[in-house]
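Take a look at the structure below.
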Number of protein chains: 2
Amino acid sequence: MAYNEKTLSYYEETRNSIGYLTRIAFRSFSHALEKLTLPHGVTAGQWRFLRVLWIEDGLTQRELSRRVVMREPTTVTALQGMEKAGLIRREQCSEDRRRTLVYLTPKAKGLKATLIPCVIDVNLRATQGMTDAEIEQLKTLLAKVCDRLAESDGGGTGEA
Amino acid sequence: MAYNEKTLSYYEETRNSIGYLTRIAFRSFSHALEKLTLPHGVTAGQWRFLRVLWIEDGLTQRELSRRVVMREPTTVTALQGMEKAGLIRREQCSEDRRRTLVYLTPKAKGLKATLIPCVIDVNLRATQGMTDAEIEQLKTLLAKVCDRLAESDGGGTGEA
DNA sequence: CATGAATGTATAGATATCTAACCAATTATT
DNA sequence: AATAATTGGTTAGATATCTATACATTCATG
């Protein structure tokens with residue numbers, strides 16, 4: 001594959017690639033979010049699991065991994081932390097003893113009303129000054145990027 | 001501040017937040033990129049430092065951190081790995097002995113021609129099927145998100 | 001029903017990343 | 001010149017994340 005000088009120098013421009021921009025956006029997001037959730041004892045990683053569990057409880061760890069979009073070992077580690085923090089309890093499934101079902105504690109359920117507004121704030125701040133159409137376009141294009149890269153990859157958003 | 005039920009349920013939708021989408025986009029990007037660079041012995045983390053050093057050599061670690069957009073301790077760890085991998089050498093600055101200057105080895109310089117096309121590929125794949133205008137818009141909007149979240153944060157892209 | 005394949009979880013070991021605290025060298029101030 | 005503040009780098013300790021591997025249970029098949 002041949003790339004001319006112009007193409008090369010374009011991509012040398014550090015701050016102009018989608019890869020760079022998504023990294024910085026993700027980073028800024030995580031920091032901004034954690035700044036709001038940490039005072040409530042919830043890390044950014046735990047937040048991602050909570051969000052899924054607030055929608056549906058009693059999932060297996062595998063299913064949870066799939067929904068959060070993380071690998072199983074990551075889930076195991078995160079859940080250990082969440083169990084220690086009193087956010088979840090894990091229960092062995094009686095029908096299929098391989099499975100572990102994850103349930104939220106009342107404490108974690110109660111945090112929902114507190115934490116959701118935090119994320120709303122961060123999301124609003126992130127898109128401040130954009131029109132609704134721009135926000136929709138950003139989401140659409142980001143989702144496309146995810147799809148394109150997931151196709152060739154295997155791991156990713158590919159659940160639909 | 002008050003959020004109505006509609007707003008709340010909207011943000012409950014896991015896959016519809018900018019935060020989620022940037023995370024998945026970043027993740028997909030890193031995986032896709034590393035799949036191409038790892039065969040050449042370069043991790044995704046090292047790649048980010050290489051890209052900056054290819055543009056300018058002999059930077060202090062602090063300046064390097066600033067340009068890569070990472071904290072100093074992250075840089076220290078990454079550079080230790082890169083030194084071990086024979087990608088850089090570090091030299092104490094004679095005028096100001098606090099400073100350590102980072103130089104690329106010939107090996108690392110040689111990798112540029114090999115690795116840049118890898119990233120071009122990933123970036124092209126990520127934006128496949130988008131018009132140039134859409135790509136530009138995506139970059140513009142992502143950059144806006146970074147700016148908005150950096151303002152309130154402190155750490156981030158805030159170099160301008 | 002015994003054994004092999006598939007499934008669900010966990011462990012091992014690696015990289016990446018952060019914050020907080022610390023040390024060393026330089027610069028600024030009295 | 002002595003001391004305080006600043007600057008550059010590192011260490012310590014934590015979370016997050018991955019791949020590869022191992023272990024345990026269930027299912028499927030001869």
Side-chain angles (χ1 to χ4, degrees), chain A residues 23-24 26-35 37-39 41-50 58-66 68-85 87-88 90-102 153-156, chain B residues 23-24 26-35 37-39 41-50 59-66 68-85 87 90-102 153-156:
Chain A
R23 175 169 75 87
I24 303 305
F26 166 63
R27 191 184 113 114
S28 311
F29 230 98
S30 300
H31 290 180
L33 180 65
E34 197 161 69
K35 189 175 282 182
T37 61
L38 219 44
V42 174
T43 69
Q46 293 172 343
W47 150 262
R48 292 178 191 122
F49 287 90
L50 282 181
L59 300 169
T60 66
Q61 297 191 184
R62 174 148 298 179
E63 177 59 20
L64 189 51
S65 302
R66 204 183 62 76
V68 173
V69 190
M70 302 238 172
R71 301 294 178 195
E72 271 95 349
T74 306
T75 301
V76 170
T77 316
L79 292 182
Q80 282 166 353
M82 292 177 76
E83 197 164 36
K84 200 176 296 177
L87 295 170
I88 57 153
R90 288 191 285 178
E91 199 174 283
Q92 201 183 29
C93 179
S94 47
E95 292 115 63
D96 184 342
R97 276 175 309 161
R98 288 171 302 187
R99 303 185 171 199
T100 306
L101 305 179
V102 180
D153 180 25
Chain B
R23 175 169 75 86
I24 303 305
F26 166 63
R27 192 185 113 113
S28 312
F29 231 99
S30 299
H31 290 180
L33 181 65
E34 197 160 69
K35 188 175 284 183
T37 62
L38 220 44
V42 174
T43 68
Q46 293 173 343
W47 151 262
R48 290 176 194 122
F49 287 90
L50 281 181
L59 300 169
T60 64
Q61 297 191 184
R62 175 149 297 180
E63 177 60 18
L64 190 51
S65 302
R66 203 184 61 78
V68 174
V69 190
M70 301 238 171
R71 301 295 179 195
E72 271 95 349
T74 306
T75 301
V76 170
T77 316
L79 292 183
Q80 281 166 353
M82 291 176 77
E83 197 165 35
K84 200 176 296 177
L87 295 170
R90 288 190 284 179
E91 199 174 283
Q92 201 181 31
C93 178
S94 48
E95 292 115 62
D96 185 341
R97 276 174 309 161
R98 287 171 304 185
R99 303 186 172 197
T100 306
L101 305 180
V102 180
D153 180 25

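- Residue contacts for B:Gln80: at a heavy-atom cut-off of 4.0 Å it reaches the sugar-phosphate backbone alone, with no base atom in range.
- Within 4.0 Å of A:Glu63, counting heavy atoms only, lies no atom of the nucleic acid at all.
- The side chain of A:Arg98 approaches D:dT26 more closely than any other nucleotide in the set D:dT26, D:dC18, D:dG9.
- Sequence order on DNA chain C of the closest nucleotides to A:Leu59 and B:Asp96 puts A:Leu59 first from the 5' end.
- Contact annotation: A:Gln92 side-chain N/O to D:dT25 OP1/OP2 distance is not under 4.0 Å.
- Look at CZ on A:Arg62: it is 16 Å from P on D:dT25, rounded to the nearest Å.
- Among the protein residues, A:Gln61 comes within range of the sugar-phosphate backbone only, with heavy atoms under 4.0 Å from sugar or phosphate atoms but none that close to a base.
- Side-chain atoms of A:Gln92 come within 3.5 Å of backbone N or O of A:Arg97 as a donor-acceptor pair.
- Counting heavy atoms from C-beta on, the side chains of A:Leu59 and A:Leu64 come closer than 4.5 Å.
- A donor and an acceptor atom, one from each side chain of B:Arg90 and B:Gln61, are located under 3.5 Å apart.
- In this structure, the CZ atom of B:Phe26 is 11 Å from the P atom of D:dC18, given to the nearest Å.
- B:Arg99 comes within 4.0 angstrom of sugar-phosphate atoms only, judged by non-hydrogen atoms across all strands, and of no base.
- Across all strands shown, A:Thr74 has heavy atoms under 4.0 Å from base atoms, whether or not it also approaches the sugar-phosphate.
- Under a 3.5 Å cut-off, the side chain of A:Glu63 and the backbone N or O of A:Thr60 do not form any donor-acceptor pair.
- At distances below 3.5 Å, at least one donor-acceptor pair connects side-chain atoms of A:Ser30 with backbone N or O atoms of A:Phe26.
- Chain A approaches DNA chain C over the interval C:dA6 to C:dC18, counting the first and last nucleotide 5' to 3' with an atom under 4.0 Å from its heavy atoms.
- B:Leu50 is listed as a side-chain neighbour of B:Met82, based on a closest heavy-atom distance under 4.5 Å.
- Between the side chain of A:Thr37 and the backbone N or O of A:Val42, at least one donor-acceptor pair lies under 3.5 Å.
- Checking A:Arg97 against A:Ala78, the closest nucleotide of DNA chain D that is more toward the 5' end is the one next to A:Ala78.
- Mapping B:Val76 and B:Arg23 onto DNA chain D via the closest heavy atom, the residue that lands nearer the 5' end is B:Val76.
- Remark: C1' of D:dC18 and NZ of B:Lys35 are 13 Å apart, rounded to the nearest angstrom.
- At the heavy-atom level, A:Thr60 lies under 4.0 Å from the strands shown only through sugar-phosphate atoms.
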